[in-house]
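Heads up, the thing below is written out as C-alpha cells.
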Amino acid sequence: MKLKRKLKMGMVGGGPGAFIGEVHRKAARLDAKIELVAGAFDIEPRKSQQMARQLLLNRRRVYNNYKEMIKEELKLPVGERIDFVSVTTPNNWHFPIARDFLKAGFNVMCEKPMTFNVRQAKTLQKLVKSKSLVFGLMHNYTGYPMVKLARDLVIKKELGEIRKIVVQYPQDWLATPLERTGQQQAAWRTDPKQSGAGCVGDIGSHAENLAEYITGLKITHICAELTTFVKGRRVDDDCNCLVRFDNGARGILHASQVSIGHENDLAIWIYGAKKGLEWHQEHPNYLYVRELGGPVQVWRRGNDYVATKSTAAARATRLPPGHPEAFFEAFANIYCNFADTLRAKLEGSKPDKLMTDFPDVNDGLRGMLFIETVLASAHSRQKWTAMKR
Ligand code: NAD
C-alpha cells in the first residue's frame, strides 16, 4: 500500500556546535522525502533541548538520551514513531546506538567508521539481516554523480582491465596540536577511546570505500605505515599504504591530517589497460578521462552525454550543467536512495537497483576490516598483511 507521508527521521548526535549532524539534517530534507521529528542531539540533555528549540521540534519528541528515545518512540503508533534514526555521534557511540535501535526494530543511517572494531561490525551485519532492516552508512563520496559515472564506465569495461589505483585524502587541519585548544572535533578525534584509530579511520576509510565503490574490486593485501607527527598526539595523523586488489591490480592509498595546504583533497586516479580516470572531491562536477595518445577529456556533470552513460549519475543530478553541485547534494543522494529503499520496504514492494545504490552495513564491515588490517600491517615487520576477514 502506498505510504502517503514523508519518512520520519530521528537523530542521535548533531547538537549545538556539532559538524556533521547539521549536514545530515539539511541533506535529508533536500528532496522532501524525509522530515526530522525526534532526537537526542547531544551528550548533554540541556544542549539537546537547546538544539530542539533551534529546530522548532515538538518538545515531547526530544529526549535526554538515545535509550529514552527508543523506549518512548516505541510507545507511539507505527506511522507516528520514527521510521529510522541517523547516528551522527563520535565513533565510540556508533555501535551501541545502532545495535539498540536495530534490536528495537528501527532502520538506521549511521556515520562512518561504522563501529569501533570488526567484531562489532559483524554483529551489526547479522542484526540487519536477521531483522530485515534497512541500514545506510554515510560514505557520502559515493553520492557524487561523477563518481557514479566513473563506476559505470568501469562496469561498461571502457577502461579495460584495471591495473592501478591511486587514491588520496590529504588534509592539514591537525598539523598543529589543535586538540589542546579544546576544539571539539579535534578533541574526540585524537582521543583513542572515542575515535578508535586516527587519520586512517577518519579519512583513510573514505579513500578505501571510494576505490572499492568505483572499481568494484576488493583490497586483498596492505603494506601500511602509520605515523604520528604532532608531538604528544595519541593517534596516527598520517597513513601511507601500498595495496593489492583481488584482480591483481596494485595501488597506493594515502591519507593525512598534517599535509599543509590541503583542505579536503580526496582524489582518485584509476588506470585500466585502455583508459584512465581522475576525480577530485574539491572539483566534483568534473571527471577526467585519459586515453593513450589522445587528449584529456573533461566530462561535466549534468550533460546528456553523462546521462547516456550512467543512469545512476543522471538520477543523482538535480541542476543543469554549470550550476555546481557538491557536498550537501552528495549527502542528499545517499539519503534519497536510502529513503526510496526504505519506502519500498514499508510499502511491501521491491526497490529497483538504482534505489539500492547506497553504502550499507557490508561497506561498514569492509571499512572496519580495512582499518584493522592497516593497524596490523603498521605494527608488523612483514611486507604484506592479508586483509582480515
Ligand atoms: P562533533 O563533535 O561535531 O559532533 C558530535 C555530536 O554528537 C555532539 O553534538 C555531541 O554532543 C553528540 N554526542 C556525543 N555522544 C552522544 C550521545 N551518546 N548521544 C547523543 N549525542 C551525542 O562530531 P562530527 O565531526 O560531527 O562527527 C560525528 C561523526 O560523523 C563521526 O563519527 C565522524 O567520523 C563522522 N563524520 C563524517 C563525515 C563524512 O564526511 N561522512 C564528516 C565529518 C564527520
Side-chain angles (χ1 to χ4, degrees), residues 19-20 90-91 111-113 138-142 144 147 164-181 183-192 194-215 219 221-245 250-270 278-284 326-327 330 366-380 383-385 387:
F19 169 37
I20 217 65
N91 306 348
E111 260 304 343
K112 45 49 65 179
M138 193 42 86
H139 268 307
N140 46 305
Y141 300 110
T142 65
Y144 285 91
V147 166
K164 176 154 180 172
I165 297 153
V166 179
V167 60
Q168 65 169 35
Y169 201 152
Q171 301 177 328
D172 68 0
W173 71 294
L174 291 176
T176 62
L178 185 64
E179 60 270 36
R180 279 182 235 157
T181 67
Q183 204 266 11
Q184 177 177 327
Q185 286 75 26
W188 72 257
R189 277 179 175 80
T190 54
D191 172 3
Q194 294 184 74
S195 67
C199 167
V200 57
D202 200 33
I203 52 175
S205 58
H206 276 310
E208 168 270 329
N209 179 259
L210 185 68
E212 291 200 346
Y213 175 78
I214 295 180
T215 64
I219 295 173
H221 292 80
I222 301 179
C223 170
E225 185 167 55
L226 293 178
T227 310
T228 305
F229 280 104
V230 172
K231 267 211 175 102
R233 181 164 284 159
R234 291 174 292 161
V235 295
D236 62 281
D237 49 29
D238 192 74
C239 163
N240 297 297
C241 306
L242 292 178
V243 287
R244 287 179 172 173
F245 291 85
R250 300 296 198 256
I252 300 170
L253 182 157
H254 73 96
S256 175
Q257 289 169 324
V258 297
S259 288
I260 301 283
H262 292 265
E263 291 166 341
N264 276 285
D265 200 0
L266 173 65
I268 188 163
W269 292 258
I270 300 169
E278 177 180 344
W279 181 77
H280 294 259
Q281 192 272 152
E282 292 184 355
H283 307 281
F327 199 67
R366 285 295 298 166
M368 294 317 300
L369 291 167
F370 167 75
I371 293 166
E372 284 201 3
T373 309
V374 169
L375 291 170
S377 169
H379 289 114
S380 151
K383 182 167 175 188
W384 291 104
T385 300
M387 189 83 155

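Treat the numbers as computed from the prediction; the structure is a model and nothing was measured. Hydrogens, waters and symmetry mates are skipped; everything else that's a heavy atom, side chains included, is used.
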For [X] and [Y], which heavy atoms make the closest approach, and how far apart are they?
{"X": "Val374", "Y": "Cys239", "answer": "CG1-SG, 4.3 Å"}
{"X": "Val258", "Y": "Ala175", "answer": "CG1-CA, 3.8 Å"}
{"X": "Asp265", "Y": "Gln168", "answer": "O-NE2, 3.0 Å"}
{"X": "Leu242", "Y": "Trp384", "answer": "O-CZ3, 3.5 Å"}

Any donor-acceptor pair under 3.5 Å from [X] side chain to [Y] backbone:
{"X": "Ser195", "Y": "Thr190", "result": "no"}
{"X": "Arg233", "Y": "Thr176", "result": "yes"}
{"X": "Ser205", "Y": "Gly201", "result": "yes"}
{"X": "Trp279", "Y": "Pro284", "result": "yes"}
{"X": "Glu212", "Y": "Ile219", "result": "yes"}
{"X": "Thr215", "Y": "Ala211", "result": "yes"}
{"X": "Asp236", "Y": "Val200", "result": "yes"}

With a 4.5 Å limit on heavy-atom distance, are the side chains of [X] and [Y] in contact?
{"X": "Ile270", "Y": "Glu278", "result": "no"}
{"X": "Met387", "Y": "His221", "result": "no"}
{"X": "His139", "Y": "Tyr213", "result": "no"}
{"X": "Arg366", "Y": "Asn209", "result": "no"}
{"X": "Glu179", "Y": "Gln183", "result": "no"}
{"X": "Gln257", "Y": "Asp172", "result": "no"}
{"X": "Met138", "Y": "Lys112", "result": "no"}
{"X": "Met368", "Y": "Pro113", "result": "yes"}

Tell me yes or no: between the side chains of Glu282 and Asn264, is some donor less than 3.5 Å from an acceptor? no

Does the side chain of Tyr144 come under 3.5 Å of the side chain of Gln281 through a donor N or O and an acceptor N or O? yes

Apply ring pair (Phe, Tyr, Trp, His ring centres under 6.0 Å) to residues His262 and Trp173 and explain how you reach the verdict. CA-CA 8 Å; His262 292 265; Trp173 71 294; over 10 Å; no

Please name the residue in the list Asp237, Leu174, Asp238 that meets the side-chain contact (heavy atoms from CB on, under 4.5 Å) test with Val230. Asp237

Test log, rule side chain to side chain contact (heavy atoms under 4.5 Å, CB included), inputs Phe327 and Asn140: CA-CA 8 Å; Phe327 199 67; Asn140 46 305; 3.3 Å; yes

